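Computed from a predicted structure; not experimentally measured. By convention here, the first residue in the shown sequence is residue 1.
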Amino acid sequence: MLTIYGVYKSRASRLYWLVEELGLAFHKEPVLQARKVPDPLAADAPINTWTPSFLAINPMGQVPAIDDDGLVLTESLAILLYLAKKHGGLLAPQDLAEEGRMLQWLMWGATALEPITVVVTQGDESGEWKTDAGKKRLVGIGESLRRPLSAFEMHLAGGDYVVGNRFTVVDLALAEIVRYVQNHPELLEPYPRVMAWLERCQARPGFKAMWAKRNAE
Ligand SMILES: N[C@@H](CCC(=O)N[C@@H](CS)C(=O)NCC(=O)O)C(=O)O
């Protein structure tokens, strides 16, 4: 049995999208981020990223994590590639060259893009972007996005999807990372291909099913 640790409103959303795409049965362990729990170590606190039983699964104290018939994995992007490869089909790499390209883009997502886009969601949550200082900082974030998103825009001139001219697990992963800035259209407007690609990815029934469950959480 596949157990997914993490709530929909976390990076676990990318795994919940993938299981919709693959039609996989799974058990959800709704581990909350500790910052969302008033007293995360209280005896009656809901299971969260500081709960000792969860720290035994991921000593980093972060979601998502999975337990797949005893194989415990952390790091959402690694889990996505693992599950896609395990269950096969066109979401997964079809040969070593495709796997190399997928790894390249997943690493790019984790290192060049997500550290910037995640800051935007944090500011959304804290209300920082409504302040004058926050508005200025957001402009700076737009400038930091120029290099990775221009490169991505250029890549998408070669096709509708990132690897292999079809929707794959890499599109799913990157779409979730780009989604973090979607509340701020001015950050994406300079990149029309990226915007159209994101729309294509989010038009999929798998995304819509995940999103409906996320909104209901
Ligand atoms: N690189 C990790 C990052 C995981 C991560 O930062 N998860 C956040 C939720 S989106 C978390 O668990 N935060 C809780 C905390 O830091 O206490 C991954 O992609 O899985």
Side-chain angles (χ1 to χ4, degrees), residues 10-24 64 73 75-121 124 138-211 214:
S10 76
R11 283 176 178 83
S13 62
R14 42 192 82 164
L15 306 194
Y16 291 123
W17 180 357
L18 183 65
V19 293
E20 296 286 350
E21 293 281 347
L22 293 172
L24 287 185
L73 291 176
E75 288 303 324
S76 59
L77 302 181
I79 296 169
L80 286 177
L81 189 60
Y82 162 79
L83 288 175
K85 285 190 71 174
K86 176 170 177 181
H87 297 283
L90 290 173
L91 293 187
Q94 305 295 295
D95 57 31
L96 189 57
E98 274 201 2
E99 185 160 353
R101 290 192 191 101
M102 288 192 186
L103 280 168
Q104 172 195 312
W105 282 103
L106 290 173
M107 300 288 176
W108 173 83
T111 59
L113 195 57
E114 189 163 49
I116 308 172
T117 61
V118 78
V119 174
V120 177
T121 57
D124 283 337
L138 197 55
V139 171
I141 289 175
E143 281 159 15
S144 309
L145 282 171
R146 193 175 306 138
R147 183 164 164 171
L149 287 186
S150 300
F152 194 32
E153 178 78 3
M154 225 184 294
H155 180 71
L156 289 173
D160 280 353
Y161 295 102
V162 179
V163 172
N165 273 316
R166 64 183 193 282
F167 179 84
T168 70
V169 71
V170 175
D171 296 283
L172 184 158
L174 296 181
E176 282 296 273
I177 292 172
V178 174
R179 172 169 68 74
Y180 292 161
V181 304
Q182 217 174 356
N183 283 344
H184 304 273
E186 74 279 10
L187 297 179
L188 286 180
E189 272 155 11
Y191 315 101
R193 288 191 195 98
V194 174
M195 284 175 64
W197 160 85
L198 186 59
E199 210 172 295
R200 257 191 310 279
C201 294
Q202 293 181 342
R204 296 180 67 82
F207 174 82
K208 289 185 177 164
M210 177 279 283
W211 196 247
R214 186 181 183 279

What is the distance from atom [atom1] of [X] to atom [atom2] of [Y], rounded to the nearest 0.5 Å?
X	Y	atom1	atom2	value
S76	R14	OG	CZ	4.0 Å
L18	E176	CG	CD	11.0 Å
M102	T168	CE	OG1	4.0 Å
L174	E114	CG	CD	9.5 Å
F207	E20	CZ	CD	11.5 Å
L24	L15	CG	CG	10.5 Å

Can you confirm whether [X] sits close enough to [Y] that some side-chain heavy atom of one is under 4.5 Å from a side-chain heavy atom of the other?
X	Y	result
R11	V118	yes
Q202	W211	no
L81	P93	yes

Specify the closest pair of heavy atoms between [X] and [Y], including all atoms of both residues, with the distance to one decimal.
X	Y	answer
L138	E186	CD2-OE2, 3.8 Å
Y180	V120	O-CG1, 3.5 Å
I116	S144	CD1-O, 3.5 Å
N165	G158	OD1-O, 4.4 Å
A173	L80	CB-CD1, 3.6 Å
P64	I79	O-CD1, 4.2 Å

TODO: Mind running side chain to side chain contact (heavy atoms under 4.5 Å, CB included) on H184 and D124 for me, showing each step along the way?
DONE: CA-CA 10 Å; H184 304 273; D124 283 337; 2.6 Å; yes
Open item on the list: Between Y191 and M154, does the side chain to side chain contact (heavy atoms under 4.5 Å, CB included) criterion hold? Intermediate values first, please.
Closed with: CA-CA 9 Å; Y191 315 101; M154 225 184 294; over 6 Å; no
Task: Pairs flagged by salt bridge (Lys or Arg N to Asp or Glu O under 4.0 Å) wherever residues 90-100 is involved - sequence neighbours left out - done: K85-E99, E98-R166
Open item on the list: Would the distance check show the side chain of S13 and the main-chain N or O of S10 forming a donor-acceptor pair, the cut-off being under 3.5 Å?
Closed with: yes
Open item on the list: Between T117 (side chain only) and I177 (backbone N and O only), is there a donor and an acceptor less than 3.5 Å apart?
Closed with: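 Such a contact is found between T117 side chain and I177 backbone.
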TODO: Find out whether the Lys NZ or Arg CZ of R200 is both under 6.0 angstrom from the six-membered ring centre of F167 and within 45° of the ring's axis.
DONE: no
TODO: Please confirm whether R214 makes a cation-pi placement over Y16, using NZ or CZ under 6.0 Å from the six-membered ring centre and within 45° of the ring normal.
DONE: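 No - R214 does not lie over the ring of Y16 by the 6.0 Å and 45° rule.
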Open item on the list: Could you check whether atom CZ of R204 has more than 12 heavy atoms from other residues, nucleotides or ligands sitting under 6.0 Å from it?
Closed with: yes
- [ ] Would you indicate whether E199, at its atom CD, is surrounded by more than 12 heavy atoms from other residues, nucleotides or ligands within a distance under 6.0 Å?
- [x]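 No - once you tally the heavy atoms of other residues, nucleotides and ligands closer than 6.0 Å, there are 12 at most.
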- [ ] Could you verify whether a donor N or O on one side chain and an acceptor N or O on the other, from Q104 and W108, lie under 3.5 Å apart?
- [x]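 Short answer, no.
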TODO: Please lay out, stage by stage, how L149 and L113 fare under the test side chain to side chain contact (heavy atoms under 4.5 Å, CB included).
DONE: CA-CA 8 Å; L149 287 186; L113 195 57; 3.9 Å; yes
Task: Derivation and outcome, side chain to side chain contact (heavy atoms under 4.5 Å, CB included), residues F152 and V162 - done: CA-CA 9 Å; F152 194 32; V162 179; 3.7 Å; yes
